[in-house]
Amino acid sequence: MLAWKLKAEKQGYFTQDEWQTGLKALGVDSLSKLKKALSDLEKEVEKPSNYEDFYTYAFRYCLTEEKQKSVDIESICELLNLVLGVQFRPQIDSLIEYLKVQNDYKVINSDQWINFLRFCKEISFPDLENYDAIQAWPLILDNYVEWMREKHS
Amino acid sequence: MGCENIEFDQGWGEMEKGIEKLKRILAGEKETPFTSREYMTLYTTIYNMCNQKAPHDYSEQLYDKYKKTLDEYITSIVLPSLKDKHDEFMLRELVERWLNHKIMVKWLTRFFHYLDRYFIIQKSVPALNEVGTTCFLNLVYEDVHPTIQDIVLSLIDKEREGDQIDRALLKNALEIFVEMGLGQMNRYQDDFEARFLQETTNYYSRKASKWIEEDSCPDYLLKSEECLKKEVDRVSSYLHSSSETKLIKKVQHELLVVYVNQLLEKEDSGIKVLFRDDKVDDLSRTYRVYNKISQGLDLVANVFKQHVTIEGTAFVQQAEEATSNQASNTPGGHEQVLVKNILELHDNYMTYLNSCFQNHNLFQKALKEAFEVFCNKTVNGSPSAEILASFADHILRKGGSEKLSDEVIEETLEKVVKLLQYVIDKDVFAEFYRKKLARRLLFDRGTNDDHERSILSKLKQQFGAPLTSKMEGMVTDVVLAKEHQSSFQEYLRNNPDVHPGLDFTVTVLTTGFWPSYKWFDLSLPSEMVKCVKVFKGFYETKTKHRKLTWKFSLGTSHINGKFEPKPIELIVSTHQAAVLLLFNASERLSYSEIVAQLNLAHDDLIRLLHSLSCAKYKILNKEPSSKSISQSDSFKFNPNFTDKMRRIKVPLPPVDERKKVIEDVDKDRPYAIDAAIVRIMKSRKVITHQQLISETIEQLSRMFKPNIKAIKKRIEDLITRDYIERDRDNSHMFRYLA
């Protein structure tokens, strides 16, 4: 989250510039203020307008290599847990379970990532009633829904 | 008259004289008709009485008197006359009384005409005519119309059962109903038509349920046609024209719609029997009759479709069973028969389509859908695409087993192309066809170039260039190769010292057009090595920058076998030749020695050795002489081999390529989908997901039917490769990224 606020380019690293500019924007100049700012930050992230932005950033944050376009399944599961786990606990748990058992995809690209969020927001859970595979959902979610439906029948 | 006012009673007295006279005339009593003078007097009396100054302006009283006159006439004369009449007599009486009434109103209206000019407009009261009708309506019609309705309906029923009735009477009677509506049709509709239609429905419902059990389909249709004719006739004879549409619709519904399936599917006389017995007239009648019913043809087309589907599927099953019943079968023999049957079926039903069903597009569609059902079935593991390709191959191989004339071949090929439209996996057909074409071009001497080109151009016309471009290239290659060969011969003639001492031909092919063939790193016998070298030399004089890859597996060799009984010429594949020539150097070779010398894989070598030692012609003797090859065997030249022929072909059993073909096609499909998606996105720029899917399917329909999952996968792939992107705000839209 801090990385998002600071608009850090590379995972695990803050450039001096980013650090200085970012912390100035937060109005922080001491460690205790930083701690407080972080908790405020959590609330800020949850604002819907920021949420999507934060969500997208989180994905890009994991692209460590140059020209990397997708993130491996393991990391995705972790990331989903971190970013969406609080708001959509049941969906995420079930989705992570599926991602671990399925074999079709070894990596997830940004398009699929965006649609995970959309899925959690739009599709009723756990019945998945309003999911229509003919719509423009990525194939991985089609497969996930099929898997869920089989499990529950 | 003078300027004196006429007193009411006096004036009315005059009128009454005229009215009585009128009544007498109507009653048929001896009476002279009205003279002009009499008429003028009556008219003028009214005129005067209306133009007098108040309180002598008697317009209103006269108007009332007019009405009262009519009422009184009806009550005293008309009603009694109707009272104790029944049935047809009552009808007759009513019609007569109504006619009389109309005459009376006509005359009275003339007498009292002046009222019509001013009084009725002033006071906004109904005109005299209307009053006349209303009187009759209120006093007579309201009372009798139920009874009249009953009488009319029972007469109609009688007529339907075959009796003669007085149509003119009915016409007049029904006209009363119409006229009672005073310009509207509501009396006719409410007091007669509604029940008429109901009774008609009941009548035909009864008849239909009887006929459907007793009559054959053609007879039933004939009867129905008759009934409909009669009902139309009925309308023109005595019903009001507005009833026609409603009436016909009801009759059609009861007779033809309710029982349609039962009718057309009748076991002994239904549609399938009509087709079997080629009853063109009855089929045309069926079309004619149902064409007039809205959506009637849908029903017939449905039965038609089912029938054709059943017939076609039966052929398919026949082929399946025939093959599984026979222990040995001529490869593809039953499939040949199947295709022939299906082609014949198609011909037959196209004829019916044209002759009986006016080539209506509902039936075209039904035929198409029926054929699509059974033209995509797999028979004994062979997909229909392969079966069709084999059939075409069979025909093109020197006219097939029966010597067919050129015309018949052309016709049959044309039909094959037509049949292909029903096969969904056209790209599978193309691949099988291409493989077989390759074998024909390379191994089958005397292939007819004209036929080959003709079918390719037909395919191109129907399904587009992508299907046939490679194959056309192949045919051209072979022609060019012949030219190459003649210039090679010339080269040899001009350079006698390079001649390798063997006669040989080389066919140069363009790799991209031909199916891919496995490459073997075969060690050639030395005689052949020389040939290869010489040709290479020649080829380099012709073109630089081209690489020659030698596919000996496609070659044929003629070897003279010096057997003891007699020398025999062996026609073998080049690989087989390579094996045999080893025995020029040594009498006996073990399997491993052969492997070492030839450098072939085990699978391939086993096949070769089998064909030379364990099959029909034992050119080599195997030790031990078991039926199959093992790696510990050894082989010896068989000097005693002989055959009654001087020249024999030693065949190599072909490798089953079916799996490979299907695999290859499956591999290519994603690329085709990609190309289609990119084409669509490029031209549309922005498009919804639904539309993209449906347009992709449409674009590819000439080659195959992609499933939605596959398309989705390719879309995702294209997103990853940055060809397209999902719209930020509307996740169901995609945008093209230039």
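If you're wondering where the values come from, they're calculated on a predicted model, not measured in any experiment. Chain naming here is simple, since letters A, B, ... match the order of the sequence lines and numbering starts at 1 in each.
Looking at Lys667(B) and Glu663(B), no side-chain N of the basic residue comes within less than 4.0 Å of a carboxylate O on the acidic one, giving no salt bridge. Ionic pairing of Lys435(B) and Glu657(B) is not present here: no N-O contact between side-chain nitrogen and carboxylate oxygen is shorter than 4.0 angstrom. Ion pairing between Lys518(B) and Asp604(B) holds under the 4.0 Å rule for side-chain N and carboxylate O.
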Tabulate, with distances rounded to 0.1 Å, every donor-acceptor pair spanning chain A and chain B at under 3.5 Å.
residue: His689(B); atom: NE2; partner: Ile134(A); partner atom: O; Å: 3.2
residue: His689(B); atom: NE2; partner: Gln135(A); partner atom: O; Å: 3.2
residue: Lys709(B); atom: NZ; partner: Asn143(A); partner atom: OD1; Å: 3.0
residue: Lys709(B); atom: NZ; partner: Glu146(A); partner atom: OE1; Å: 3.2
residue: Lys712(B); atom: NZ; partner: Ala133(A); partner atom: O; Å: 3.0
residue: Lys712(B); atom: NZ; partner: Gln135(A); partner atom: O; Å: 3.2
residue: Lys712(B); atom: NZ; partner: Trp137(A); partner atom: O; Å: 2.6
residue: Lys712(B); atom: NZ; partner: Asp142(A); partner atom: OD1; Å: 3.1
residue: Lys712(B); atom: NZ; partner: Asp142(A); partner atom: OD2; Å: 2.4
residue: Glu716(B); atom: OE1; partner: Tyr105(A); partner atom: OH; Å: 3.1
residue: Glu716(B); atom: OE2; partner: Leu139(A); partner atom: N; Å: 2.5
residue: Thr720(B); atom: O; partner: Lys69(A); partner atom: NZ; Å: 3.3
residue: Thr720(B); atom: OG1; partner: Asn109(A); partner atom: ND2; Å: 2.9
residue: Asp722(B); atom: OD2; partner: Lys69(A); partner atom: NZ; Å: 3.0
residue: Arg726(B); atom: NE; partner: Asp111(A); partner atom: OD1; Å: 2.6
residue: Arg726(B); atom: NH1; partner: Ala136(A); partner atom: O; Å: 2.7
residue: Arg726(B); atom: NH2; partner: Asp111(A); partner atom: OD2; Å: 2.9
residue: Arg726(B); atom: NH2; partner: Ala136(A); partner atom: O; Å: 3.4
residue: Ser731(B); atom: OG; partner: Arg118(A); partner atom: NE; Å: 3.3
residue: Ser731(B); atom: OG; partner: Arg118(A); partner atom: NH1; Å: 2.4
residue: Ser731(B); atom: OG; partner: Arg118(A); partner atom: NH2; Å: 3.2
residue: His732(B); atom: ND1; partner: Gln135(A); partner atom: OE1; Å: 3.0
residue: His732(B); atom: ND1; partner: Ala136(A); partner atom: N; Å: 3.4
residue: His732(B); atom: NE2; partner: Gln135(A); partner atom: OE1; Å: 3.0

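Neither the backbone nor the side chain of Ile114(A) comes within contact range of chain B; no heavy atoms are under 4.5 Å apart.
With hydrogens and angles ignored, the 3.5 Å screen pairs no side-chain donor or acceptor of Ser384(B) with any backbone N or O of Thr378(B).
By the neighbour-count criterion of 12 heavy atoms within 6.0 Å, atom CD of Gln461(B) is sparsely surrounded, having that number or fewer from other residues, nucleotides or ligands.
Under the side-chain hydrogen bond (donor to acceptor under 3.5 Å, both in side chains) rule, Tyr422(B) has a single partner from Glu372(B), Lys368(B), His346(B), which is His346(B).
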